[in-house]
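Working notes, structure below.
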2 protein chains.
Amino acid sequence: MQQILAQRAVVGKSDHALPAMPKRLDEVDILAQIAKVADIIPGQCFIREGDPAAHYVLVTAGSVRVFKALPDGRRAITGFAGPGDFLGLAALDCYATTAEAINAVQIVRYKRLDMAPVLAAFPALATLLLVAAASELVAAQAHMMLLGRMNAREKLAAFLMGRVVARNRDVALPLARIDLADYLGLTVETISRAFGALKRDGMIVIHNAASITICDYLALKALASGADPRLARH
Amino acid sequence: MQQILAQRAVVGKSDHALPAMPKRLDEVDILAQIAKVADIIPGQCFIREGDPAAHYVLVTAGSVRVFKALPDGRRAITGFAGPGDFLGLAALDCYATTAEAINAVQIVRYKRLDMAPVLAAFPALATLLLVAAASELVAAQAHMMLLGRMNAREKLAAFLMGRVVARNRDVALPLARIDLADYLGLTVETISRAFGALKRDGMIVIHNAASITICDYLALKALASGADPRLARH
DNA sequence: CGGAATATTGATTATCATCAATGACGGTGG
DNA sequence: CCACCGTCATTGATGATAATCAATATTCCG
């Protein structure tokens, strides 16, 4: 479904130079009309907390970090986004978060104001957005549990488990420690020490800062699921 | 809009005994058909984390606490709901949270499976659900910042500011300390001490466990918005 | 009034943050 | 190609905050 939207967006882009004289609007045309593709360079921020929420944004390439910041600089990363993820769902009048490109990113913007007729003409789109929002909510709630009730080791274990793809025990960590810290509500030093602890306990092997391997999958899973905080002690 | 839905639900209930032989379905009939009203007694849990997500639930009366729990009993309250709030949005296959009545609660259940034709027939409903989900997401993200990056005093100040209604500086706290603790990611003892600290600093007056008055609104607001963690110190 | 549940206060400990220093990595230029 | 420098990650020492354990006080209800 995301692919369809992205496709439309591309169509929209190539149509961009055509005369703005629509014959008859079907879903494709509507979507194309309100879509605009953009390339974002690494580090650039393309959604800003507090700005009027003018667009929905679909990420089509690259990785994005989504965060909130306090006036004194403290930062909380609320999530990461990649190809197929929607941004701007968490917005009423204004965006509630900032979105920043981690690497080279491509996005498609859909004007929010113009969405109403599209939702009417293309009901499946409403369901799609609703499912996307529901997914984000589920993730957010799991993350609240993590932030509020788990200790450093459990947080890291949960994060690592969440990054396991298909029984493969090699886990890639394509993000800086500071991002991981702001995501887990810790400091980089505590992240380092938690990695060290998991290593000492034989749960993981650390190849380098960006790559580890899970040794004791079950123990890590137990830790991550919060079986008992005492299991998480030194 | 919530009122409309609730109304339909009531209609649905009174139609419940009628022959299941629809002449022609308009929005009202559709909504009525899939709605079911229920009364929930205090303490009862009416949505259970992990159960198949069969319904959307609209709260029409009373207060609800929404939470996740870990196997060892740790609990994180992700939010509270009252009249007009939707529950069950944060669900894909299964509910991600448990919902429990704090006091006498009335709800209306809408079968999820039957929603697709309704969304098609009644596009405004899709927008309504999307806005509800967006609101929850915004709240969830603010809460992640609170849980991950604020200290006890700031958390409490933020909570109190969030409960201020219309310039009235008397704040009601119709919830137990344990619920407040599980909501803010603290213990009841720390909650007590944070209340004491705000009181000592002349920001609030504590009448009893369920009612306080804000004295220094600006200072409390500064604290709540995270101007500087050093302001939050002893 | 009495007893249970809830809230506060106190003493101590555990965890994580902070400050500081060292070590590893990556890119650049000689 | 390798030395150099800046950034990032790790490790160590210390301190602050919140958790835990324990005792007392208060509130809520029957």
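Every chain is numbered from 1, with letters handed out A, B, ... down the list of sequences. Small disclaimer: the values here were computed from a predicted structure and weren't measured.
In this structure, B:D179 places its CG atom 10 Å from P of C:dT6, rounding to the nearest Å. Here the C1' atom of nucleotide C:dT6 and the CG atom of B:N208 are 13 Å apart, to the nearest Å. For the pair A:E189 CD and C:dT22 P, the interatomic distance rounds to 16 Å; values are reported in whole Å. One can place CD1 of B:I206 at 14 Å from C1' of D:dT26, the figure rounded to the nearest angstrom. A straight line from CE of B:M150 to C1' of D:dA18 spans 17 Å, rounded to a whole angstrom. The CZ-P distance, from B:R149 to D:dT17, rounds to 16 Å in whole Å. Atom-to-atom, CZ of A:F195 to P of C:dA24 comes out at 18 Å; the value is rounded to the nearest Å. Note: CG (A:L180) to C1' (D:dT10) measures 14 Å, nearest angstrom.
Because its NZ or CZ atom is both nearer than 6.0 Å to the ring centre of A:Y56 and within 45° of the ring axis, A:R112 counts as a cation-pi partner of that residue.
Centroid-to-centroid, the aromatic rings of A:Y183 and A:F67 stay 6.0 Å apart or farther.
Partner of A:Q106 under the side-chain contact (heavy atoms from CB on, under 4.5 Å) criterion, chosen from A:V59, A:I40, A:T60: A:T60.
For a distance-only test at 3.5 Å, the side chain of B:R193 qualifies as a donor-acceptor partner of the base of D:dT20.
Comparing C:dA17, D:dA18, D:dA9 by their closest approach to the side chain of B:L186 singles out D:dA18. Nearest to the side chain of A:S192, among D:dT11, D:dT20, C:dA17, sits D:dT11.
Applying the 4.0 Å criterion to OP1 and OP2 of C:dA17, one finds that A:T187 has a side-chain N or O inside that range. For the pair A:T190 and C:dA17, the criterion of a side-chain N or O lying under 4.0 Å from OP1 or OP2 is met.
Positionally, the nearest nucleotide of DNA chain C for B:V188 lies more toward the 5' end than for the other of B:V188 and A:G185.
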Exercise. Under the side-chain contact (heavy atoms from CB on, under 4.5 Å) criterion, do B:F86 and B:L128 qualify, and how do the steps go?
Worked result: CA-CA 10 Å; B:F86 275 103; B:L128 171 63; 4.1 Å; yes

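Remark: the A:T213 side chain and the A:H207 side chain contain an N/O donor-acceptor pair separated by less than 3.5 Å.
Within the 4.0 angstrom heavy-atom criterion, no nucleotide atom of any strand lies near B:I191.
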